[in-house]
Amino acid sequence: MPALRTMRIIALTAALTAALGAAAISPETATAAADPITDDRDPSCTGGSTADLCAAPGSLLDVRIGDVHPTQPSLGYDEVYYKLGRYSTALSKDAVNKKFDDWCEANGQEEAASATATSTLTDPSSFSCAVPVGSETADTIAPMKTVVIGPGGTLYLTDGHHTLTSFDEDSGPDVHVRLRVLGNLSGMTESAFWQTMQDNRWVWLRDTAGKAITPAQLPQNVGLANFQDDTARSVMYFGRDIGYTADGAVPFQEFYWGSWLRAHPELGLADWDQDDFAESLALVERITKAQVALPRDEVVDAESGYTAADLSTLAAWNDGKAATKGEWAKLSAPYSSDKPGKLAYMTEYRKTLAADPGEPGDPGTDPTDPTDPTDPTDPGSGTGPTDPTEPGTDPTAPADPGTSPADPGSEDPTDPTTVHGSVSVTGDLVAGDPVTVRGTGFAADTDARVEIHSEPVLLGTVRTDGSGAFTLTATVPAALPAGTHTIVVVVDGVAVGSTTVMVAAADEASPGELASTGADGLVPAAVAALLALLVGTGIVVARRRRGHRA
């Protein structure tokens with residue numbers, strides 16, 4: 001089997017620039033385009049270009065999984081644990097390890113044909129797939145995971161977060177796999193890109209508590225330590241083809257079902273003992289029977305308006321089959337059977353997490369670690385990783401959407417480049433006129449530069465006070481073109497806060513026009529040239545990767 005070519009590494013700075021320029025509009029407030037924009041390639045692309053930046057929608061792009069950027073802040077950890085149970089040589093009962101099946105399917109080659117004890121995902125020549133490269137069909141390409149190419153050639157994963165995270169946890173970030181290009185938006189500005197991503201429903205901007213986040217708060221890489229743990233998303237995965245079908249579903253379907261589940265505490269999610277196979281099975285049964293009992297026109301997710309029919313609920317439980325048949329029979333198989341079900345593999349793998357002290361920051365290995373989804377003081381909370389040493393955080397509370405999922409001990413809390421704050425602008429932004437920029441929440445007593453981008457122009461230098469705040473009065477550069485710009489606070493060369501503003505030409509400004517509110521969270525758009533969007537100010541910084549592998 002031909003070796004896969006090596007893709008150029010996308011610079012992390014491109015991803016940070018994308019996050020900083022992102023507008024914070026909820027996907028539920030954006031009306032999906034009747035004709036989704038899928039092709040807006042960078043002007044540098046020519047008809048004969050072979051650069052990854054210029055890949056056309058529908059093409060298959062070979063990527064290193066460590067180079068893709070997620071479009072959701074959380075995962076169902078237990079779905080990944082099921083996969084890792086199947087991937088484990090100690091636990092797997094498959095003739096050919098499931099990870100090779102999953103890789104072949106994700107690569108457009110159907111399933112694994114052969115593998116040996118020395119086969120690895122990092123060396124595709126060490127195993128074979130049923131369909132050779134070059135012989136793919138529409139049926140083998142359909143289940144491939146998808147990617148959108150953003151400004152600067154940054155790759156955004158839009159489907160396959162659980163699968164690629166499982167590959168990463170098993171074999172590391174250097175695994176290569178082909179992804180199907182869902183859209184190429186590399187020619188867009190950052191704000192237009194994120195608006196299009198939301199219009200096309202290609203990004204999920206809610207945390208595990210259902211609270212809105214901004215694109216700047218999305219993780220930078222796949223891997224469990226980078227995501228919050230969404231237990232509702234986990235259990236919905238195990239209900240596939242029992243209470244609903246995932247075929248032809250809307251994007252992020254199981255997250256919408258997860259929102260519905262959290263709104264129905266009587267179904268017992270909060271009491272779920274994820275280490276107990278029988279209890280897990282009983283929970284899935286309650287949830288899926290409640291799903292099929294819903295009227296087809298009942299709204300499942302209030303924010304999006306999606307109904308049970310929109311989210312593909314089945315007309316009958318287990319698709320009308322007896323409990324000894326269909327998906328329920330497969331799911332019910334205990335680990336002692338020849339073909340254990342998904343829940344059985346999940347619970348067996350969780351036992352290895354409890355038994356293995358692992359590496360620091362390894363989810364599920366330290367009962368005192370708030371990243372531990374098996375923490376007995378917080379069973380199945382789904383709050384996601386937080387740093388217990390960070391002031392103002394509570395390991396038992398829902399994750400703060402203003403912070404990225406953290407790896408304890410990975411950052412120096414005294415390093416001012418790791419402290420991210422809010423930026424606000426008051427008054428009109430008119431080329432050549434004064435502007436007042438305020439910042440809060442930054443490192444105390446720290447020197448910073450305040451710049452206006454995209455081509456950085458210095459507005460002024462400031463020193464934060466003892467509370468991490470500053471006020472700067474400066475002049476908007478007279479030569480600055482009218483349009484959308486980003487004001488960025490930079491400490492020691494690292495951007496630690498920003499807000500997107502609209503700058504008017506001197507003859508276009510009108511009295512009382514407000515450029516930016518500076519409030520945290522989401523700011524509704526105005527219209528046309530008066531659009532003023534607040535960008536999330538927290539920059540996701542690179543975190544130390546987990547050392548433990550299955």
Side-chain angles (χ1 to χ4, degrees), residues 11-24 190-191 214-217 220 387 389-393 400-404 406 410-427 429 431 433-477 479-480 484-503 515-521 523 532-543:
L12 180 60
T13 52
L16 292 175
T17 301
L20 285 171
E190 304 299 338
S191 58
T214 68
Q217 293 165 257
Q220 291 298 306
D387 185 349
T389 65
E390 183 180 344
T393 62
D400 178 1
T403 63
S404 78
S410 63
E411 299 296 341
D412 179 357
T414 65
D415 183 352
T417 65
T418 68
V419 181
H420 309 291
S422 302
V423 182
S424 63
V425 178
T426 55
L429 259 74
D433 282 6
V435 61
T436 299
V437 181
R438 292 182 174 85
T440 58
F442 296 96
D445 302 316
T446 298
D447 294 322
R449 292 170 56 89
V450 180
E451 302 173 347
I452 189 163
H453 293 194
S454 46
E455 293 297 330
V457 177
L458 179 67
L459 290 178
T461 58
V462 297
R463 184 169 180 83
T464 61
D465 61 21
S467 66
F470 70 82
T471 299
L472 171 70
T473 299
T475 300
V476 179
L480 195 69
T484 302
H485 297 273
T486 305
I487 292 179
V488 182
V489 178
V490 180
V491 175
D492 292 337
V494 177
V496 293
S498 71
T499 187
T500 296
V501 295
M502 176 63 70
V503 175
S516 174
T517 69
D520 290 331
V523 178
L533 298 172
L534 175 67
V535 177
T537 57
I539 301 174
V540 181
V541 295
R543 292 311 205 266

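These numbers come from a predicted model, not from an experiment.
At least one side-chain heavy atom of Pro477 sits under 4.5 Å from a side-chain heavy atom of Leu459. In this structure, the side chains of Leu458 and Arg449 come closer than 4.5 Å at one or more pairs of heavy atoms. Between Val476 and Asp433 the shortest side-chain heavy-atom distance does not fall below 4.5 Å. With a 4.5 Å cut-off on side-chain heavy atoms, Thr436 and Val425 do not count as touching. At a threshold of 4.5 Å between non-hydrogen side-chain atoms, the residues Val491 and Phe442 do not count as touching.
A donor-acceptor contact shorter than 3.5 Å links the side chain of Arg463 to the backbone of Asp445. With Thr464 contributing its side chain and Thr446 its backbone, the two residues share a donor-acceptor pair below 3.5 Å.
The CG atom of Leu429 sits 8.5 Å away from atom CG of Leu480, with the distance rounded to the nearest 0.5 Å. Atom OG1 of Thr417 sits about 6.5 Å away from atom CG of Asp492, to the nearest 0.5 Å.
Taking all atoms of both residues into account, the shortest heavy-atom contact from Val488 to Ala495 is CG1-CB, 3.6 Å. A pairwise comparison of heavy atoms in Ser498 and Thr486 identifies CB-CG2, 3.9 Å as the closest pair. Residues Ala443 and Val419 share a closest heavy-atom pair of N-CG1, 3.5 Å. Across all non-hydrogen atoms, the minimal contact from Val423 to Val489 is CG2-CG2, 3.7 Å.
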- Task: Start with the C-alpha gap between Val435 and Thr473, add the side-chain angles, then the distance that decides, and say whether side-chain contact (heavy atoms from CB on, under 4.5 Å) holds.
- Result: CA-CA 6 Å; Val435 61; Thr473 299; over 6 Å; no
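Under the side chain to side chain contact (heavy atoms under 4.5 Å, CB included) rule, Phe470 has a single partner from Val437, Thr440, Asp465, Thr461, which is Val437.
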